[in-house]
Amino acid sequence: MTIRAVVWGENIHERTNEVVAGIYPEGMHATIANALKLDPGISVSWATLEQPEHGLPADRLAQTDVLLWWGHKDHGAVADEVVERVARRVWEGMGLIVLHSGHFSKIFKKLMGTPCTLKWREAGERERLWVTSPNHPIAAGIGEYFELENEEMYGEQFAVPEALETVFISWFQGGEVFRSGLTYRRGAGNIFYFRPGHETYPTYHDATVQKVLRNAVKWAHNPQGANPTILDAPNVPVEKALEPIVERGGKLHAAGEAGYR
């Protein structure tokens, strides 16, 4: 089964900053999408902030198996309605991969339920990413570690929930460390946060980074498909209880009436 991936990019820096435009002339989202296309098992398209509904209308999300999210300059411009729509699809089983500064995106903070804050420094220093879960599918074929010669530093404390698994830990030249590859599950959806990807460096042109992204898409994909019933909260009638019961005491709701949300 071909995995249907959508790369969402803010697409602001590429159009307004000469350094970023020189590294990603077609946009960061296009570079990431082209890297995913190297795997014949992944079909990929992209969407950007300036498009109607940010390129993520309900019908498109319904046909998306894995969504990759990169944002930085204008997280606040993402409509709350679209955030709720994406969250619903994750709960139903759509995979989500959040990249770099997407840690401050509305969708990641909503799904984590925490501030998602961290330390940072923009100094183009070397980053060494250690594989801490070598048997994890996301780390397949990566080796013990890999390095990026120039990256923005992210440092602990990273204010996120404890992950299901930590796949990568980064060390930076300045001495800081950071949990750079974290997996989560929210509802039926698999989530992967991957730290590298500052826009003024050619991170998404790196072959190992691209391999991690392809691995992550395959890991995040839920082959069972959407489970919309996960959002239901049915009022089960007395007569449909699995064992015979007698109704007792007062109640707030009439038979079949929806509960409070």
Side-chain angles (χ1 to χ4, degrees), residues 1-8 10 45 47-69 71 74-98 102-117 158-165 182-193 216-217 219-261:
M1 178 183 296
T2 301
I3 301 170
R4 301 166 298 181
V6 174
V7 179
W8 190 89
E10 196 178 63
S45 59
T48 55
L49 176 67
E50 74 272 13
Q51 294 174 332
E53 300 183 78
H54 311 318
L56 300 173
D59 57 349
R60 186 178 191 186
L61 282 173
Q63 300 299 315
T64 301
D65 297 316
V66 180
L67 176 65
L68 295 90
W69 191 281
D74 205 358
H75 298 302
V78 178
D80 291 341
E81 178 183 354
V82 174
V83 174
E84 292 295 326
R85 188 182 300 161
V86 172
R88 182 184 181 96
R89 282 288 295 123
V90 172
W91 292 329
E92 291 176 348
M94 182 184 74
L96 178 66
I97 299 171
V98 177
H103 70 90
F104 266 158
S105 64
K106 288 182 178 181
I107 183 59
F108 191 62
K109 290 195 291 185
K110 177 180 180 65
L111 292 170
M112 294 298 103
T114 58
C116 302
T117 49
F158 189 17
V160 292
E162 192 66 28
L164 287 175
E165 292 179 283
L182 302 175
T183 69
Y184 297 93
R185 183 166 295 112
R186 293 293 183 266
N190 295 319
I191 301 172
F192 179 56
Y193 173 76
V217 166
W219 171 83
H221 174 230
N222 182 355
Q224 296 179 344
N227 177 21
T229 62
I230 198 170
L231 297 170
D232 295 342
N235 181 348
V236 181
V238 170
E239 63 272 15
K240 290 189 177 182
L242 295 177
E243 303 291 341
I245 57 173
V246 175
E247 186 174 338
R248 298 183 294 180
K251 59 182 183 179
L252 293 173
H253 299 281
E257 182 182 10
Y260 302 122
R261 294 204 187 195

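Computation of the quantities below employed the complete heavy-atom set of this structure, encompassing side-chain atoms and omitting hydrogens, waters and symmetry-equivalent molecules. Heads up: numbering here begins at 1 and tracks the sequence.
A distance of 12.5 Å separates CG of L182 from NE2 of H103, quoted to the nearest 0.5 Å. Atoms CG and CD1, from L96 and I191 in turn, are 5.5 Å apart once rounded to the nearest 0.5 Å. The distance from atom CH2 of W91 to atom CG of N227, rounded to the nearest 0.5 Å, is 14.0 Å. Atoms CZ and CG, from R185 and L164 in turn, are 6.0 Å apart once rounded to the nearest 0.5 Å.
With hydrogens and angles disregarded, no donor-acceptor distance shorter than 3.5 Å links the side chain of H75 to the backbone of K106. The backbone N or O of T64 lies less than 3.5 Å from a partner atom in the side chain of R89, making a donor-acceptor pair.
Under a cut-off of 6.0 angstrom, the local environment of CD in Q51 is crowded, with over 12 non-hydrogen atoms contributed by other residues, nucleotides or ligands. Atom CD of Q224 is surrounded by 12 or fewer heavy atoms from other residues, nucleotides or ligands within 6.0 Å.
The two residues A5 and V217 have their closest heavy-atom pair at CB-CG1, 4.4 Å. Annotation for A163 and T183: closest pair CB-O, 3.4 Å, computed over non-hydrogen atoms. L56 and W8 make their closest contact through CD1-CD1, 3.5 Å (heavy atoms, listed as atom of the first residue, atom of the second, distance). Pairing each heavy atom of Y184 with each of E162, the nearest pair is CE2-O, 3.7 Å. Minimum heavy-atom separation, N190 to A220: ND2-O, 3.5 Å. Taking both residues in full, the closest heavy atoms of I230 and A188 are given as CD1-N, 3.6 Å, listed atom of the first, atom of the second, then distance.
The salt bridge (charged side-chain N to carboxylate O under 4.0 Å, His left out) test applied to R4 returns D65, not counting sequence neighbours. R88 meets the side chain to side chain donor-acceptor pair (under 3.5 Å) test with E92; sequence neighbours excluded. The side-chain contact (heavy atoms from CB on, under 4.5 Å) search around E50 returns N11, R15, T48, not counting sequence neighbours. Applying the side-chain contact (heavy atoms from CB on, under 4.5 Å) criterion to L242, with sequence neighbours excluded, gives no partner residue. Evaluation of the ring pair (Phe, Tyr, Trp, His ring centres under 6.0 Å) rule for W219 yields H136 as partners, not counting sequence neighbours. Annotation: ring pair (Phe, Tyr, Trp, His ring centres under 6.0 Å) contacts of F108 (sequence neighbours excluded): Y193. Every residue two or more places apart in sequence or in another chain that forms a side-chain contact (heavy atoms from CB on, under 4.5 Å) with I245 is listed here: V238, A241. Here A79 pairs with H54, V82 under the side-chain contact (heavy atoms from CB on, under 4.5 Å) rule; sequence neighbours left out.
For residues 230-242, no pair satisfies side-chain hydrogen bond (donor to acceptor under 3.5 Å, both in side chains), with sequence neighbours left out. Applying the side-chain hydrogen bond (donor to acceptor under 3.5 Å, both in side chains) definition to pairs two or more places apart or across chains, those involving residues 107-116 are E84-K110. Residue pairs meeting the ring pair (Phe, Tyr, Trp, His ring centres under 6.0 Å) criterion with at least one member in residues 236-261, sequence neighbours excluded: H253-Y260. Residue pairs satisfying the salt bridge (Lys or Arg N to Asp or Glu O under 4.0 Å) criterion with at least one member in residues 241-255, sequence neighbours excluded, are listed as follows: E247-K251.
Salt-bridge annotation for R85 and E53: present, with a side-chain N of the basic residue lying under 4.0 Å from a carboxylate O of the acidic one.
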The test is side-chain contact (heavy atoms from CB on, under 4.5 Å); show your working for V86 and M94 and say whether it passes. CA-CA 9 Å; V86 172; M94 182 184 74; 4.1 Å; yes

